[in-house]
Student: 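Please see the structure below; I have some questions.
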2 protein chains.
Amino acid sequence: MFERELLKGSLGLMLMALIEQGPMYGYLIAKEIRSLTDDVIDLKEGSLYPALHRLEKEGMIEGFWQRREDGVDRRYYRITAAGQAVLDERRAQWSRFSAAVSKVVSDAPSQ
Amino acid sequence: MFERELLKGSLGLMLMALIEQGPMYGYLIAKEIRSLTDDVIDLKEGSLYPALHRLEKEGMIEGFWQRREDGVDRRYYRITAAGQAVLDERRAQWSRFSAAVSKVVSDAPSQ
DNA sequence: AAGGATACTTTGTTATACAAGGTATAGAAT
DNA sequence: ATTCTATACCTTGTATAACAAAGTATCCTT
């Protein structure tokens, strides 16, 4: 699967970009990404939760448990100051990178 | 390094897109990519040659040796029919994928 | 009673970019 | 003469990260 490899390197960026907009929890993030991308990106749990733990361990986001009325616990995440700085950087990097790939790949051989 | 992970999944696509334009050899491909992307993507030999071998083994490209006047051998690659079909597919996939990431990442929270 | 949605977790597998080493030639600079 | 840079290819070992697959638990619908 090519998509699997394409995702590498951009998943953390997407998670941080969503969390930047306000506290979110994993399951909702996955639904948001599916919805925003019309199912082009369908994040699996085995990718999502380890990625969130990774970002938390790196200090990019911080998590906190919140209990719903029915007693179910959700782990919400918000972005940290350090995470915000890295996010800005990575966002710019993604722009450069995707533009670069598109240029190499684009169908304009001669001229 | 984030770039390392970003590259995963799009390197094969870039190589095939360049080879599509006419027979090319590894060293030239690396120079082309650096030049086209203003050094944003600087392909390492340890990535380049294994990737070419992989594509050849998969039947996407085929290589042939060509000797220069000075006796130096170069391995040129051209795209195969199967490779062309996969390239078209991957090119479309890259468009979908990069647009999807950009949408999730883009700085338009509300509205 | 069974199935699906919600919500989080973990273990093991796989793919691949790259660091670092190697071989070899040619021309320019010191 | 020797060193350095560019050209041109190759290989081994390592690290990373997405994912499959399994698990736990609750709630609601059929």
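The sequence lines fix the lettering, A, B, ..., with proteins before strands; numbering per chain opens at 1. Keep in mind that the numbers below use all heavy atoms, side chains included, and drop hydrogens, waters and symmetry copies.
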Student: Side chain of A:Tyr49, heavy atoms from C-beta onward: which of C:dT10, D:dC9, C:dT6 has the nearest atom to it?
Tutor: C:dT10
Student: For the pair made of CG in A:Leu43 and C1' in D:dA20, what is the distance, rounded to whole Å?
Tutor: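 Atom-to-atom, A:Leu43 to D:dA20, this comes out as 14 Å.
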Student: Could you check A:Arg75 against B:Gly46 and say which one's nearest nucleotide on DNA chain C is further toward the 5' end?
Tutor: A:Arg75
Student: With a cut-off of less than 4.0 Å, is there a side-chain N or O of B:Lys31 near OP1 or OP2 of D:dA8?
Tutor: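 Answer no for this pair, as no side-chain N or O of B:Lys31 is under 4.0 Å from OP1 or OP2.
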Student: Nearest whole Å is fine: how far is D:dC27 C1' from A:Asp73 CG?
Tutor: 14 Å
Student: So, are A:Asp42 and A:Lys44 salt-bridged, with charged N and O less than 4.0 Å apart?
Tutor: yes
Student: Is any N or O donor-acceptor pair between the side chain of B:Glu45 and the base of D:dC9 shorter than 3.5 Å?
Tutor: yes
Student: Report yes or no: do B:Trp94 and A:Ser98 form a side-chain donor-acceptor pair below 3.5 Å?
Tutor: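 Checked: B:Trp94/A:Ser98 side chains show no N/O donor-acceptor pair below 3.5 Å.
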Student: Starting from C1' on D:dA18, measure out to CG on A:Leu52 and report it in whole angstrom.
Tutor: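 That distance rounds to 13 Å.
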Student: Assess the side chains of B:Tyr76 and B:Arg78: does a donor N or O sit below 3.5 Å from an acceptor N or O?
Tutor: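 There is no such pair between these side chains.
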Student: Look at the side chain of B:Ser47 and decide which nucleotide, out of C:dC18, D:dA8, C:dA7, has an atom nearest to it.
Tutor: C:dC18
Student: Classify the nucleic acid contact of B:Leu11 as base, sugar-phosphate or nothing, counting any heavy atom under 4.0 Å across all strands shown.
Tutor: sugar-phosphate
Student: Using the rule that two of Ile, Leu, Val, Met, Phe, Trp, Tyr join whenever any of their side-chain heavy atoms come within less than 4.5 Å, decide whether B:Ile29 and B:Val72 are in one cluster.
Tutor: no
Student: The side chain of A:Arg54 is closest to which nucleotide in this list: D:dA8, D:dA17, C:dA17?
Tutor: D:dA17
Student: Measure CE/A:Met24 against P/C:dT6 and give the value in whole Å, please.
Tutor: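 So the two atoms are 13 Å apart, to the nearest Å.
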Student: C:dC18, C:dA7, C:dT16: which one has an atom nearest the side-chain heavy atoms of B:Lys8?
Tutor: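 The answer is C:dT16.
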Student: At under 4.0 Å, does any side-chain N or O of B:His53 touch on OP1 or OP2 of D:dC9?
Tutor: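 No, no such contact exists.
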Student: What's the closest nucleotide to the A:Lys44 side chain, out of C:dC18, D:dA20, D:dA6?
Tutor: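 Of all the options, the side chain of A:Lys44 is nearest to D:dA20.
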Student: Nearest to the side chain of B:Trp65 - D:dC9, C:dA17, C:dT9?
Tutor: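 Nucleotide nearest to B:Trp65's side chain: D:dC9.
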Student: Let me see the working for A:Ile19 and A:Leu55 under side-chain contact (heavy atoms from CB on, under 4.5 Å), right down to the final yes or no.
Tutor: CA-CA 11 Å; A:Ile19 292 168; A:Leu55 289 172; 5.5 Å; no
Student: Select one nucleotide: of C:dA17, D:dC9, C:dT9, the one nearest the side-chain heavy atoms of B:Ala51.
Tutor: C:dA17
Student: Without decimals, in angstroms, what is the distance between A:Tyr25 OH and C:dT9 C1'?
Tutor: 17 Å
